[in-house]
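Below: one structure, written as structure tokens.
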Amino acid sequence: MKLPIVDHPTAARPFVTNPKRSPWHDKALWFVRSKRDKQAKGVSEWEHLRELASEIKTHTVANLADYLEKFEQAATNLGATVHWAADAAEHNEIVLKILRRHETLRIVKSKSMLTEECGLNHFLENNGIEVVDTDLGERIVQLRDETPSHIVLPAIHIKKEEVGETFHQHLGTEKGASDPKYLTEAARQHLRNKFLLGEVGITGVNFAIAETGGIVVCTNEGNADLGVSLPKVHIACMGIEKLIPRFQDLSVFTRLLARSATGQPITTYTSHFHGPRDPDSELHIVLVDNGRTRLRGNSEFRDSLNCIRCGACMNTCPVYRRSGGHSYHATVPGPIGSVLSPTRDAKSYKSLPYACSLCGSCTDVCPVKIPLHHQLLAWRKELVGRGLLPVSKRVSMRFASMLFQRPRLFAVAGKCGRTALRVLPHWMTHNRLNTWTIARELPSPPRESFREWYGRNRNDD
Amino acid sequence: MNASTSSRRSMLDRIRTRPLDSNPLPTVNPSRMTTYSDPVQKFVEILGTVGGQAHIIDRPEQIGETLNAIEVFTNARRIASLVPEAIQGDVDPSCFDDPHGLASLDWVVAPGEFIVAENGAIWVDGRSLPHRVLLFIPQYLALVVSRSQVVNHMHEAYARIGTPTTNFGVFVSGPSKTADIEQSLVLGAHGCRTLQVFLLP
Amino acid sequence: MPVALFVPCYIDQFYPDVAVATLELLERLGLDVVFPEAQTCCGQPMANTGCASETAPVARRMVEIFADYDAVICPSGSCTAMIRHHYAEYFTEDATQYEKVASRTFELCEYLHDVLQVERLNVRFPHRVSLHQSCHGLRELRLGGSSESMTPRVDKVREILELVEGIEWCTPERSDECCGFGGTFAVNEPDVSAAMGRDRIADHLATGSHVIASADMSCLMHLQGLIRREEQPISVMHVAQILVGRPVTRPAVPSNPSEAIR
């Protein structure tokens, strides 16, 4: 499939220049980041835990084939059915086949970025199946026919008044009502009925344990548990990087995940499923590749497979907070998304590694220590190597390099530039052709550079 | 050979054709982690911050007394209790074959196995529930657990569980909640609206 | 053996007083300082664009120029980080000379704090000051503790500024958020970059600060550009200028503000 080319600065412009939207979005996410800081401070071994998590994930990715087989064996022994999907299409077909076998018309689904990545909802809907997202944020974006703008807080870009309007339209809430408590209660009633009618429950997976064949699902709302405790069939969809080797390893990740994600000490529900509920029930686990084994083969970007999808890098990213998740045009936005998306299609997502000031906050916040900002920098090299940098930029960099290798020419060029800035009228140097000056003044050019001053004052030769 | 089998082989092959060196798995040393001088007190404090309410009691009968002082409990019409020594329910969940029948439950009183100080979580073993939905479907939930069964942190928690021998187990930390509308915290998303935790000796 | 002064290209051309202040400061502290005039730029604009082959010759000549000094001192965390952390790939064949330079290149405050261990400066700066932490100083060079990291670290820039008498400290709410400069990022993503800068200025203004101080002039160049365009009542100064007791200069407004693009 050929994807359109995403130009992040253009895609971000309507959001970032909206004075009612961007600062509000920034503050909401900064609040989450601050809660995360408070939680991390409360754990004196925080940095040790990050180190452990990183070591465990790196080891798992290296030995992934062994752990996948081990997981399959253990899960099968418990009575679960394990499926393997090479790509999104196969994943969707596997799910549909299970639903067809059970003659299912309605499914309830909890949050799963993997199914978002695979476009499962639309695929099932096109096949006549009603899909109900049960996470409140996901339900909001589903009713609005949007996509999540954040992997943990799917509706973070939507204002409560807009939720009120959507609920008025779809759930019959009072017109103009925007109280979150009232709206949440309305969603609770609406989704209760959907839960009771759901014939199959689909969930994502936060962790899959190779040693025991179990899966762990974390939610705050309890929607995953409610969704799979009523029907007899539970389908759990996971990327193969969700694996961890040992049951005990969960201790490290459950301490890091919610603290990093939302600043909670742990999610409200951390549910451990080992095999189907009872002999009459079914548990299907779909292991999805969709580019992951290829990414594993790439030594530069392999570390991004360690991601546990906590969203902390989004909450802390000054660019994400101001430009909103939709500006990335990807299932996973923000810093980790800007690393992952070009691995799928470098040309289409070539602007994302540049949507970053290289501040490094994401790297320091990441609970599994992915060197995110260095990976974004590595992507830029990769893009240049593949000839995907616009020619104008490449030419200006060649020119700069040439200049910096010739100190005399550099000094002359600097002097000419400063003189021009001083003598030319303001409008000639400050106009729309100069991106710097759209919002900012250029520095006032001094008459003398430092090297000229030094020559006059210190150099006796 | 079906498609899934061939995908299985191609995925495993693609991984195996690219062998990677790796360090052995690290040993997680629980004694390196933060412990608390009074872990029960820490649990009570943290549970409060996540929206739950802890009650330290001496006798199971006090559970009924405490619950009867809660308006939503006295108004409740359908109560299921899995802790009969604490309170008698009026619905026997083990009589239901289909969990959908439990949808109208107001209250469930259920036993927990142990508590975790660092995050206010209670480990509930699926074996103690005739239907696992009992934990998620009632409007209100009360868990009963012995406060002598306390661990400091998740490392001790998982060490205590050892190898899972049950098909379902869950850490519950506070009532169900969401902040999906403008980061405003609302208790009672899809699961219980409140969580009472009774800590017996 | 003299120490070498490494002056970032934009400081050389646009902010010579920052380099003069750095030189004066080091001389006052008794050092024999030279400015090797063959130096130009560390190559960061090309490197951060991903143009490795354009960066390589610039990196190699920089290392050669600075190879024979006991120390290379630079009034920029970002340019120091470039040499220390991002040069290795250009010296894969023989890294001896590079490793020597990398281990002897210091950011100014880091050098004052770690090597000279300066304890007195005899300088006054009786103003309300807020510190802008540069990202590369903080998260690449670890000149202080970043707010995300739980590893305790000494804040070297702040400790050196604490030696100056009379500073009334103002602390912004977000202690180390990026200003949005980011080199070519400022022109690639002009809207996001300007929004980030405006937010930083508002945060500093809200503290009642009169001077934003930083060890990286590039952040300040971007913030100053916004301050002057929007005529905000706050100045920017490089730490070196404060350490030698330069007076506060009011931000000059554009020569013809009516022509400024709104």
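Hydrogens, waters and symmetry mates play no part in the numbers below; they use all other heavy atoms, side chains included.
- Contact of A/Arg418 with chain C is made through the side chain alone, with heavy-atom distances under 4.5 Å.
- Remark: the backbone N or O of C/Ala47 is not paired with any side-chain donor or acceptor of A/Arg380 at under 3.5 angstrom.
- The shortest distance between side-chain heavy atoms of A/Ser401 and C/Pro57 falls below 4.5 Å.
- Here the CZ-CE distance, from A/Arg322 to C/Met196, works out to 6.0 Å after rounding to the nearest 0.5 Å.
- Contact check for A/Phe404 versus C/Arg61: no side-chain heavy atoms found under the 4.5 Å cut-off.
- Interface remark: of the candidates C/Pro190, C/Cys41, C/Ala52, C/Ala194, C/Cys41 forms the most heavy-atom pairs closer than 4.5 Å to chain A.
- A/Ile438 and C/Arg229 get closest at one heavy-atom pair: O-NH1, 3.1 Å.
- Between A/Lys27 and C/Asp199, no side-chain nitrogen of the basic residue sits less than 4.0 Å from a carboxylate oxygen of the acidic one, so the salt-bridge criterion is not met.
- Contact tally against chain C (heavy-atom pairs below 4.5 Å) for A/Ser323, A/Gly414, A/Ala12, A/Ser361: the top residue is A/Ser361.
- The two residues A/Arg451 and C/Glu37 come nearest to each other via the heavy atoms NH1-O, 2.9 Å.
- A donor-acceptor pair under 3.5 Å links the side-chain atoms of C/Arg228 to the main chain of A/Leu442, judged by distance alone.
- Per-residue heavy-atom pair counts under 4.5 Å with chain A were compared for C/Thr184, C/Leu223, C/Thr55, C/Asn48, and the maximum is reached by C/Asn48.
- With a threshold of 4.5 angstrom between heavy atoms, C/Glu27 approaches chain A through side-chain atoms but not through N, CA, C or O.
- Contacts with chain A were tallied for C/Arg198, C/His86, C/His85; C/His86 has the most, counting heavy-atom pairs under 4.5 Å.
- Interface summary for chain A: among C/Ser53, C/Ser146, C/Ser147, the most heavy-atom pairs under 4.5 angstrom belong to C/Ser147.
- No other option in A/Glu382, A/Met402, A/Arg394 has as many heavy-atom pairs under 4.5 Å with chain C as A/Arg394.
- Put simply, of C/Tyr10, C/Phe14, C/Phe35, the one with the most heavy-atom pairs under 4.5 Å next to chain A is C/Phe35.
- The neighbour count for A/Arg408 CZ, taken as heavy atoms of other residues, nucleotides or ligands under 6.0 Å away, does not exceed 12.
- Only the side chain of A/Leu421 comes within contact range of chain C, judged by heavy atoms closer than 4.5 Å.
- In plain terms, the two heavy atoms of A/Leu389 and C/Cys51 that are nearest each other are CD2-SG, 3.8 Å.
- For the pair C/Leu23 and A/Trp453, the minimum side-chain heavy-atom distance is below 4.5 Å.
- No donor-acceptor pair under 3.5 Å is formed between the side chain of A/Arg458 and the backbone N or O of C/Val33.
- The minimum heavy-atom distance between A/Met397 and C/Thr49, with the atom names listed, is CE-OG1, 3.5 Å.
- A salt bridge links C/Arg174 with A/Asp26: the distance from a Lys NZ or Arg NE/NH1/NH2 to an Asp or Glu carboxylate oxygen falls below 4.0 Å.
- A/Pro407 and C/Thr40 get closest at one heavy-atom pair: CA-CG2, 3.7 Å.
- For C/Ser78, no part sits under 4.5 Å from any heavy atom of chain A, backbone or side chain.
- Contact annotation: the side chain of C/Val34 approaches that of A/Tyr454 to within less than 4.5 Å [non-hydrogen atoms, C-beta and beyond].
- With hydrogens and angles ignored, the 3.5 Å screen pairs a side-chain donor or acceptor of C/Arg139 with a backbone N or O of A/Cys359.
- Surrounding CZ of A/Arg447 are at most 12 heavy atoms belonging to other residues, nucleotides or ligands under 6.0 Å away.
- Here the side chains of C/Pro16 and A/Glu452 are not in contact, with every heavy-atom distance at 4.5 Å or above.
- A salt bridge links C/Glu177 with A/Arg321: at least one charged nitrogen is closer than 4.0 Å to a carboxylate oxygen.
- Atom SG of C/Cys135 and atom NE2 of A/His373 lie 9.0 Å apart (nearest 0.5 Å).
- Between the A/Arg13 side chain and the C/Asp191 main chain, no donor and acceptor come within less than 3.5 Å of each other.
- From C/Glu148, atom CD reaches atom SG of A/Cys366 across 12.0 Å, with rounding to the nearest 0.5 Å.
- Between chain A and the residues C/Asp176, C/Leu5, C/Val20, C/Val7, the largest count of heavy-atom pairs under 4.5 Å involves C/Val20.
- In this structure the side chain of A/Tyr354 never reaches within 4.5 angstrom of the side chain of C/Glu189, judged on heavy atoms.
- Of the residues considered (A/Lys393, A/Arg50, A/His8), A/His8 shows the highest number of contacts with chain C, using heavy-atom pairs under 4.5 Å.
- The pair C/Arg153-A/Glu47 does not count as a salt bridge, with every side-chain nitrogen at least 4.0 angstrom from each carboxylate oxygen.
- The closest side-chain heavy-atom distance from A/Glu441 to C/Gln224 is not below 4.5 Å.
- With hydrogens and angles disregarded, no donor-acceptor distance shorter than 3.5 Å links the side chain of A/Ser357 to the backbone of C/Gly182.
- The closest side-chain heavy-atom distance from A/His374 to C/Glu140 is below 4.5 Å.
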| task | Test A/Phe410 against C/Cys9 for side chain to side chain contact (heavy atoms under 4.5 Å, CB included), laying out the working first. | result | CA-CA 9 Å; A/Phe410 170 74; C/Cys9 52; 3.7 Å; yes

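- C/His222 approaches A/Trp436 most closely through the heavy-atom pair CA-CH2, 3.7 Å.
- With chain C as partner, the option from A/Ala400, A/Ser351, A/Ala355 having the largest number of non-hydrogen pairs under 4.5 angstrom is A/Ala355.
- Ranked by heavy-atom pairs shorter than 4.5 Å toward chain C, the options A/Ser34, A/Pro445, A/Ala40 are led by A/Ala40.
- Using a 4.5 Å cut-off between heavy atoms, C/Leu138 makes no contact with chain A at all.
- One finds the OH atom of C/Tyr15 at 7.5 Å from the OG atom of A/Ser444 (value rounded to the nearest 0.5 Å).
- The residue among A/Thr316, A/Thr435, A/Asp364 with the most heavy atom pairs within less than 4.5 Å of chain C is A/Asp364.
- A donor-acceptor pair under 3.5 Å is formed between the side chain of C/His136 and the backbone N or O of A/Leu358.
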